[in-house]
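In this chain, residues are counted from 1 in sequence order. In listed order, ligands and their atoms are each counted from 1.
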Amino acid sequence: MKNILISITAVFMASMALADYPDRPVTLVVPFAAGGPTDHIARDLAESLRKTLGQAVTVENTGGSGGTVGTARVAKAVPDGYTLLLHHIGMATAPALYRSLVYRPLDDFDYLGMVNEAPMTLIGRANFPAANYGELIKWISANPGRASLANAGVGSASHLCGLLFQSALKLPMTTVPYKGTGPAMADLASGQVDLMCDQTTNTVPQIESGKVKAYAVATTKKSINSTLAKLPTLDEAGLKGFNITVWHALYAPRGTPKAVIDKLNAALKLALKDPELLKRSEALGVTVISDSRINPAEHKRFVEAETVKWGGIIRAVGQFAD
Ligand code: MLT
């Protein structure tokens with residue numbers, strides 16, 4: 001009898017806790033250093049989620065190994081809805097890039113919904129001796145292995161773009177890994193590194209301020225941003241079919257209560273309707289996901305399909321991290 005009473009009390013207490021969720025600040029883990037595109041998107045989203053959840057949403061940057069360190073941290077976190085992950089295409093590419101990934105992207109997380117899609121741009125330091133894409137390819141061809149290419153570590157979107165760019169050109173470059181493309185951008189703007197392929201969330205302000213040169217857009221679709229719309233796509237410039245769009249999505253550790261998942265998904269849908277967030281996204285060439293796709297089932301289906309797609313492409317290029 002006593003055990004029955006204890007378990008009834010426990011269930012009642014748990015349901016009360018769920019009903020009050022969130023009753024303390026939520027941590028949103030970004031698996032890259034502060035200042036990069038993932039960080040920008042997370043801070044924008046955190047501000048909108050603060051309004052829709054009615055609780056502070058604190059961004060925590062846990063960079064390293066192309067986003068896998070921060071992602072592993074959330075995979076192992078308590079599944080109570082107070083530790084979330086904002087991650088991108090790396091959720092689908094890491095399994096093909098790491099032989100010993102310490103988490104299972106499709107099994108160790110509860111999927112909360114898609115967030116947005118960001119194009120990538122190929123940029124260079126302001127004083128790089130190439131004024132446009134044609135001159136850039138001539139320089140790289142005449143100086144094989146000399147151009148330095150920054151990225152956020154194996155498994156990052158910037159690494160994937162650089163890997164496919166080198167493979168398409170059949171020209172090697174010297175890759176320089178950082179804990180995020182925020183710190184990488186600082187080195188590019190100061191001329192310490194030559195090139196980088198990064199998301200428009202990070203590159204548009206630097207391009208528009210003249211701190212870096214823009215050579216091409218890495219999506220086949222022209223950008224919604226007027227500055228980027230003037231650039232050739234890599235597909236137009238000769239790398240037929242070159243097309244990378246970096247999508248971002250929201251995750252919780254596997255085992256998070258369904259009532260919490262439903263609350264978070266509802267809060268995400270509302271947050272992505274925030275006029276301020278929509279305005280900032282458009283100015284940076286980022287497309288916010290439509291309401292019908294912001295659901296756990298569609299999110300999971302999409303990542304499963306992307307994992308198969310990018311796995312085949314990466315294995316064809318034949319590079320593993322470890
Ligand atoms: C990446 O290159 O994958 C990340 O976007 C880098 C970052 O967000 O810092």
remark   = Residue set satisfying side chain to side chain donor-acceptor pair (under 3.5 Å) with Arg125, at least two apart, ordered chain then number -> Asn127, Asp194
Side-chain polar contacts of residues 226-234 - donor-acceptor pairs under 3.5 angstrom, sequence neighbours left out - could you list them?
unit_1, atom_1, unit_2, atom_2, d
Thr227, OG1, Glu208, OE2, 2.7
Thr233, OG1, Glu236, N, 2.9

ask   = Would Ile261 end up clustered with Leu272 when hydrophobic side chains under 4.5 Å apart are linked, directly or stepwise?
value = yes
query = Near ligand 1, which residues have a heavy atom under 4.0 Å away from one of its atoms?
reply = Phe32, Gly36, Pro37, Thr38, His88, Ala152, Ser156, Ala157, Ser158, Gly180, Thr181, Gln199
task = Output every pair passing disulfide (SG to SG under 2.5 Å) with a member in residues 263-306, not counting sequence neighbours, ordered by first then second residue.
result = none
request  = Indicate whether any N or O donor in one side chain lies under 3.5 Å from an N or O acceptor in the other, for Thr121 and Thr203.
outcome  = yes
ask   = Any donor and acceptor pair, going by atom type alone, linking the side chain of His40 with main-chain N or O of Gly35 inside 3.5 Å?
value = yes
